[in-house]
Amino acid sequence: MTRDYSMAVETDILERAEELEGKTFLDIAGEDLSEDINFVNKGNQGLFIEKFGFGISSNNDKDPDFKHAGIELKVCPLKFSKKQLVVKERTKICSINYKELIQENWLDSSARKKLRKILFVFYHWNNNSWNSQKIIKTVLWHLESDEVLISNEWRSTKEVVKQGNAHLLSESWYKALAPNTSGAGGDRDNVEQPIQIHSKYAKRRAFSLKRPFVNQYWESLVSPDSFESIQENLNLSHEDNIEDKLLELFRPFINRPLGQICKELNIELRNAKNATNLIIKKILRFRSFSSKIKEFEQSGIKIKTVPVNKDIGYKPYEATSFPVVKFNELIQDEDYYNSALSEQLMRILFVPIHREKRDTPLADAILLNPFFWSPDEKQETIIKEEWDNAISIIKEGIEIKRVRWGNGFRETNNLPKSSETQILHMRPHAQNSQDRDVDPNGVSITKQSFWLNMSFVHSIISKSMRDI
DNA sequence: GGGTGATCATGA
DNA sequence: TCATGATCACCC
């Protein structure tokens with residue numbers, strides 16, 4: 001049996017953590033696995049590592065797991081996505097007690113106690129083969145460099161609760177530390193909030209580090225050179241707003257043709273995606289064009305270039321696509337708020353470019369004012385409904401018809417069309433019609449993805465242009 | 001010119 | 001070779 005590390009000093013804990021790297025759960029527990037332990041519940045991998053990795057018995061303490069060293073243990077699942085190990089889910093930090101929250105200060109808050117130092121144990125998740133799950137890496141994370149961002153989000157949550165609006169809280173308002181819903185389901189998932197002027201109850205929530213945030217940290221461990229930081233490159237302080245700064249840097253190039261901009265910046269203009277990406281990285285003083293933008297990865301910011309015609313109210317020429325969804329993975333998403341799509345929609349930097357006609361040469365396309373966008377509450381409600389609807393169609397079984405088209409044929413299906421929806425539709429997104437996926441009922445269909453309706457993109461772009 | 005299925009171009 | 005962002009093509 002493993003020694004109890006709960007009162008150990010930091011070096012001992014880290015030494016033990018390092019021993020665990022590369023080991024499977026079976027290696028770690030060995031013959032103890034035969035003990036009568038029930039690991040059926042969700043989160044059990046965490047309890048397992050606590051017990052067999054560090055000899056800590058399960059507890060609900062407000063103190064960090066390693067009391068003496070002030071270190072919290074977080075066991076973080078990784079899964080394969082596109083041949084790469086990525087963080088599977090958000091990391092829960094502590095449940096929120098609304099009543100206590102509004103009386104706390106950040107510096108001595110219960111959240112900060114757990115966040116100050118975190119020992120991340122990253123393991124390759126596999127629910128079907130418990131014993132073979134392997135510890136990939138262990139590392140001590142320090143709050144320091146992200147404390148401004150995280151404490152601001154904590155304060156913002158506190159402020160909402162203080163105003164009696166705990167029932168309105170939404171995970172999507174936050175980038176790193178978010179109050180996500182938590183609980184076992186049922187009545188106990190609603191709790192009384194301290195200020196009841198608007199609503200007596202609010203959903204039970206827990207502070208969690210968002211998946212993209214933790215994933216960026218994980219990726220920075222695996223390949224430290226793949227990121228550059230806006231803050232570092234531009235020498236910004238933690239208080240500077242990175243989004244505002246970026247828009248400001250765009251300013252000298254607005255309303256000018258891409259050809260001219262690229263010449264001035266000494267960039268080779270190849271296509272729209274390439275141009276906007278390169279312009280952004282150039283104005284952010286990136287050393288390498290292939291670097292990922294640290295802050296964008298952390299906050300889940302995606303860049304979308306949208307060709308529009310400014311002479312007809314900034315109307316886009318096309319809908320905006322998202323990555324392909326695998327139907328069998330899609331239907332396993334818990335709900336919209338835990339879906340891949342909601343992550344794609346966390347925050348988008350739209351870069352509209354004006355094209356006189358759809359086939360206006362790119363060099364003559366005019367860079368218009370970029371803007372950041374996240375769904376507002378109303379939009380999110382619609383998106384959730386339309387996502388739910390798509391899921392139920394898929395679960396019921398997609399219907400495919402082969403219809404005459406010109407000289408040949410093409411396939412039609414009953415997935416949501418842009419004519420049937422306000423914001424989202426589904427549409428092929430494949431190499432060609434031979435590039436296919438299989439739906440939950442075994443029906444073969446061209447790979448599909450979600451798209452933002454052209455009319456919707458039109459509405460947010462024209463609104464943004466009016467607001468300038 | 002919109003709508004929708006199909007496909008291109010690029011980069012890892 | 002594949003995923004991705006973006007764009008094409010044809011009917012109405």
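Please read these numbers as outputs of a predicted model, since none were measured by experiment. Residue numbering restarts at 1 for every chain, and letters A, B, ... go by the order of the sequence lines.
For A:Met454, taking side-chain heavy atoms from C-beta onward, the closest of the listed nucleotides B:dG2, B:dT4, B:dG11 is B:dG2. The side chain of A:Ser321 approaches C:dG5 more closely than any other nucleotide in the set B:dA9, C:dG5, C:dT7. Distance from the side chain of A:Ser418 is smallest for B:dG3 among the nucleotides B:dG3, B:dA9, B:dA6. In this structure, the nucleotide among C:dA6, B:dA9, B:dG5 sitting nearest to the side chain of A:Thr305 is C:dA6. Minimum atom distance to the side chain of A:Gln431 is reached by C:dA3, of the listed C:dA3, B:dA6, B:dA12.
For the pair A:Ser433 and B:dT7, the criterion of a side-chain N or O lying under 4.0 Å from OP1 or OP2 is met. For the pair A:Lys447 and C:dT4, the criterion of a side-chain N or O lying under 4.0 Å from OP1 or OP2 is not met. In this structure, A:Arg358 does not reach the C:dA9 phosphate: none of its side-chain N or O atoms is under 4.0 Å from OP1 or OP2. Contact between the side-chain N/O atoms of A:Ser419 and the OP1/OP2 oxygens of B:dG2 is not found at any separation under 4.0 Å. The phosphate of B:dG1 has neither OP1 nor OP2 within less than 4.0 Å of any side-chain N or O from A:Lys315.
In this structure, A:Leu258 places its CG atom 13 Å from P of C:dA6, rounding to the nearest Å. Regarding A:Lys417, its NZ atom lies at a distance of 7 Å from the P atom of B:dT4, rounded to whole Å. What separates CH2 of A:Trp451 from P of B:dT7 is a distance of 13 Å, to the nearest Å. Summarising the geometry, the separation between CG on A:Asn277 and P on B:dA12 is reported as 11 Å, rounded to the nearest angstrom. Atom NE2 in A:His429 sits roughly 10 Å away from atom C1' in B:dC8 (whole-Å rounding). The CG atom of A:Asp359 sits 18 Å away from the P atom of C:dA6 (whole-angstrom rounding). If you measure from atom CG of A:Leu278 to atom C1' of C:dG5, you get 14 Å, rounded to the nearest angstrom.
Using a 4.0 Å heavy-atom distance criterion, A:Lys357 is classed as making no nucleic acid contact. Across all strands, A:Arg355 comes closer than 4.0 Å only to sugar-phosphate atoms, never to a base (heavy-atom distances).
With contacts defined as side-chain heavy-atom distances shorter than 4.5 Å, the pair A:Leu247/A:Pro370 qualifies.
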